[in-house]
Amino acid sequence: MLRKAATIRYVSYVLGTGLTLANLFLITYLLDIYQFAVWGVANSLVYIFSQIGQLTYVQYIEKYFPNYSVEKMNYYLYKFLKTISLLPILWISILFLIEYFGYFEKFNADNLIILFLIIAGLTTVESSIELSAKYLLAQKETPKFDLYELLLFKLTRLVIFYFLLANGYSVYFLLLTNLILRSLLLIKTLNYKSQGVLKILKKIFRSKIFEKNLDKLSYTFTAFMIKTLQVTFLNILFIILSISAKNETIANYSLGILIINNLRPVFASLSGLLTPIISKNIYGNKDNTTLFSFVASINRIFISLVTVLTIYIVDYKFLISYFLESFDDNIYTIILVSVFASSIASLYIPNFLNLLFSNKEKYLLRIVLVNFIFCMFLFYILRETSFIDLLYIYLLFELISFYIFKYMNNLTSFTTANTYSFFATLIYLATYLSGYGTSFLLLFVCIIFIGYDIKKFIKQFNNYDSIKDKDYGTK
């Protein structure tokens, strides 16, 4: 089951990434600088609000749903979704408060009430989709969600966006299209067993939100705070920057933020599939080390391939220069750093989940909070000294998380060696960003090590395949 889910997720995410990047470059080319800035800010606000709007429910689903019956899962899911549906008035109130202090004036945006309604709607839908996706993951039904998202959302969005942009429609229509398509994805996800949409909506409506709504609150609230700090860090940096930055700078960073927000789930796709397996293994006192090593090898090889490819795409400006005419040359460095920064989470997610599900959430919260405050303070000190410091600060935040979780798990074999291509790629990336340009020698070394690591991975895969069902419950 893990092999099938991982294959479908990788294929759908890779194809979806191509569609998303095509969509992103289409927007950068056909929207003016002010509207693109609005697009970036609106998506960052939705990202932050939707994380907060999940309350503590995602954390509850991740840890406890894999060990529940389907009936019990449904009981809690419908209750959670009804609670989330009551929150749009809160997001609209916050947006009006932000507007009161003049935040949106620089964007020359009209009809802000329409923008606020769309943002509030998107926030609610995105929060609900996240819960529904974790619900399917707990039931090992992720292939359905992945295919729904690829076909119903990403492919359809690209076609509609092209029509809207080619005919001069504003950014509001793009956001409204996102809202409609994401709503359809949510409906399709909830109705994956074809029970009937009205039947499901009735169950949600009849759920009693004041009964057992905040079970396991000590754990879920702590885990919720950890995830909120982790996933909103970059977007909070961007919102802070956008208060005083010019629209051109906001547009530049918007592209980097959008790349990270879209590629981070792609790199972490396999790691994310481990959530129910880790939960069950900890519950059954099974060791996860071999599984983590197996997944780490895949992730590192994939990161190496994508990073080396991106170095040459941005260096030769292959295809993308046509869409980035309104940006300066720094945008190519932003793209490269954004692509690599989005990959780091995939390396620490298994370790992090292992610690989280092992009742170490309070210690994790202290560690992540200190990291958050330190990096935020560093950003405040350095933000006037470098154009791209925001992305480097985010990269530092991710790397600190990676090494802390490595140290806490004592999984040296998981996080070191065995993937020489990854370290060769790191050296190549560092030399390129230092201004030395591309190198045939380093490229050759990376290719040799990637080939060696792939060969070694195939052997490792065969060994893992013989024990996976016995030790990891992946059927």
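Position 1 is the first residue of the sequence; numbering continues from there. Quick caveat, the model's predicted, so the values are computed rather than measured.
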Please say whether the positively charged group of Lys72, taken as NZ for Lys or CZ for Arg, lies over the ring of Tyr68, i.e. under 6.0 angstrom from the six-membered ring centre and within 45 degrees of the axis.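 Relative to the ring axis of Tyr68, which defines the angle, Lys72 lies inside both limits.
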Within 45° cone of Tyr75 ring axis and under 6.0 Å: Lys79 NZ or CZ: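 Yes, cation above the ring, under 6.0 Å and within 45°.
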Going through the distances and angles, do Thr220 and Gln59 end up as a side chain to side chain donor-acceptor pair (under 3.5 Å)? CA-CA 5 Å; Thr220 58; Gln59 290 67 42; over 6 Å; no
Just verifying a value: how many Å separate [X] [atom1] and [Y] [atom2], rounded to the nearest 0.5 Å?
| X | Y | atom1 | atom2 | result |
| --- | --- | --- | --- | --- |
| Ile160 | Asn178 | CD1 | CG | 10.0 Å |
| Leu55 | Phe80 | CG | CZ | 9.5 Å |
| Tyr403 | Asn351 | OH | CG | 12.5 Å |
| Leu396 | Ile344 | CG | CD1 | 11.0 Å |
| Leu150 | Leu15 | CG | CG | 6.0 Å |
| Leu391 | Ser338 | CG | OG | 4.5 Å |

Kindly write out the residues that satisfy ring pair (Phe, Tyr, Trp, His ring centres under 6.0 Å) with Tyr135, not counting sequence neighbours, or none if the list is empty.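 Tyr135 satisfies ring pair (Phe, Tyr, Trp, His ring centres under 6.0 Å) with no residue once adjacent residues are dropped.
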Run the side chain to side chain contact (heavy atoms under 4.5 Å, CB included) test on Phe340 and Leu426 for me, step by step, so that the C-alpha distance in whole Å, both residues' side-chain angles and the decisive distance to 0.1 Å come before the verdict. CA-CA 10 Å; Phe340 181 71; Leu426 285 180; 3.2 Å; yes
Could you tell me how the ring of [X] sits relative to the ring of [Y]: parallel (under 30°), tilted (30 to 60°) or perpendicular (over 60°)?
| X | Y | answer |
| --- | --- | --- |
| Phe372 | Phe233 | perpendicular |
| Phe352 | Tyr348 | perpendicular |
| Tyr219 | Tyr64 | perpendicular |

So, do [X] and [Y] sit near enough that their side-chain heavy atoms are less than 4.5 Å apart?
| X | Y | result |
| --- | --- | --- |
| Tyr192 | Phe145 | no |
| Thr156 | Leu184 | no |
| Arg264 | Val231 | yes |

Does [X] [atom1] have over 12 foreign heavy atoms under 6.0 Å away?
| X | atom1 | answer |
| --- | --- | --- |
| Tyr172 | OH | yes |
| Lys188 | NZ | no |
| Tyr169 | OH | no |

Main-chain N/O of Ser304 paired with Thr307 side-chain donor or acceptor, under 3.5 Å: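 Judged by distance alone, no pair lies under 3.5 Å.
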Quick one: list whatever passes side-chain hydrogen bond (donor to acceptor under 3.5 Å, both in side chains) with Glu126, sequence neighbours left out.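 side-chain hydrogen bond (donor to acceptor under 3.5 Å, both in side chains) check on Glu126 returns Arg182.
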Run the numbers on Ile334 and Ile259 for side chain to side chain contact (heavy atoms under 4.5 Å, CB included), then give the verdict. CA-CA 10 Å; Ile334 287 178; Ile259 288 174; over 6 Å; no
Is any NZ, NE, NH1 or NH2 atom of the basic residue among Glu361 and Lys63 found under 4.0 Å from an Asp or Glu carboxylate oxygen of the other?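 No, Glu361 and Lys63 are not salt-bridged.
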I would like to know whether Phe104 and Phe116 meet ring pair (Phe, Tyr, Trp, His ring centres under 6.0 Å); could you show each step before the answer? CA-CA 11 Å; Phe104 292 96; Phe116 294 168; 5.3 Å; yes
